[in-house]
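Only one structure is covered here, and it is reproduced in the block below.
Throughout, residue positions are numbered sequentially from 1 according to the sequence presented. Bear in mind the structure is a predicted one, so any value in this text is a computation, not a measurement.
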Amino acid sequence: QVQLVESGGGLVQAGGSLRLSCAASGSRVSINTMAWHRQAPGKQRELVARITSLRSTFYVDSVKGRFTISRDNAENTVYLQMNSLKPEDTAVYYCAATRPYYGDTYWGQGTQVTVSS
């Protein structure tokens, strides 16, 4: 069983920064595809950023140049550095891990990010 626990969310002014953390247990983040998704009120959940076991990264167009996904294998933790935050970034952010071979995805419970205008 893979368990993911997000932290680091909060209230920040537009233009500010936050770093979200996703601490994993039950599997190594280095072998999984790790991702951050977000869901704003009234909207569907969307993929924000993804990092593979080979450290290939993907970002949704709206966050390119502002967000950076990374991982610390020793700490078994994935991060999302969010800079130049905008009000439209306000959402619950979820960490996700997809295991190799099995392809099943595990989700954290989410952390709230609120960006004031």
Only pairs under 3.5 Å count here: list side-chain donor-acceptor contacts from residues 6-19, not counting sequence neighbours, and write none if there are none.
unit_1 : atom_1 : unit_2 : atom_2 : d
Glu6   : OE1    : Gln109 : N      : 3.0
Glu6   : OE1    : Gly110 : N      : 2.9
Glu6   : OE2    : Cys95  : N      : 2.7
Glu6   : OE2    : Gly110 : N      : 3.2
Ser17  : OG     : Asn83  : OD1    : 2.9

* **Candidate pair Thr90 and Thr114, rule side chain to side chain donor-acceptor pair (under 3.5 Å), full reasoning** => CA-CA 5 Å; Thr90 295; Thr114 303; 5.3 Å; no
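- Taking the side-chain hydrogen bond (donor to acceptor under 3.5 Å, both in side chains) definition, one finds that Asn32 meets it with Ser27, sequence neighbours left out.
- The list of salt bridge (Lys or Arg N to Asp or Glu O under 4.0 Å) pairs with a residue in residues 57-66, not counting sequence neighbours, reads Asp61-Lys64, Arg66-Asp89.
- Of the residues listed (Val113, Ile51, Ile69), the one engaging Leu80 in a side-chain contact (heavy atoms from CB on, under 4.5 Å) is Ile69, and it is the only one.
- Partners of Glu46 according to the side-chain hydrogen bond (donor to acceptor under 3.5 Å, both in side chains) rule, which considers only residues two or more places apart in sequence or in another chain, are Arg38.
- Side chain of Arg71 to main chain of Ser53: a donor-acceptor pair is present (N/O by atom type, distance under 3.5 Å, no hydrogens or angles).
- Sorted by first then second residue, the ring-ring contact (aromatic ring centres under 6.0 Å, His included) pairs that include residues 26-53, not counting sequence neighbours, are His37-Trp107.
- Between Met34 and Leu4, the closest side-chain pair of non-hydrogen atoms falls below 4.5 Å.
- Of the inter-residue distances, the one linking Ser62 atom OG with Glu88 atom CD reads 8.5 Å to the nearest 0.5 angstrom.
- To the nearest 0.5 Å, the span separating OG1 on Thr33 from CZ on Arg50 amounts to 7.0 Å.
- Within the model, atoms OG1 of Thr68 and CE of Met82 stand 11.0 Å from one another, a figure rounded to the nearest 0.5 Å.
- Side-chain heavy-atom separations under 4.5 angstrom define the hydrophobic clusters, and Leu54 shares its cluster with no other residue.
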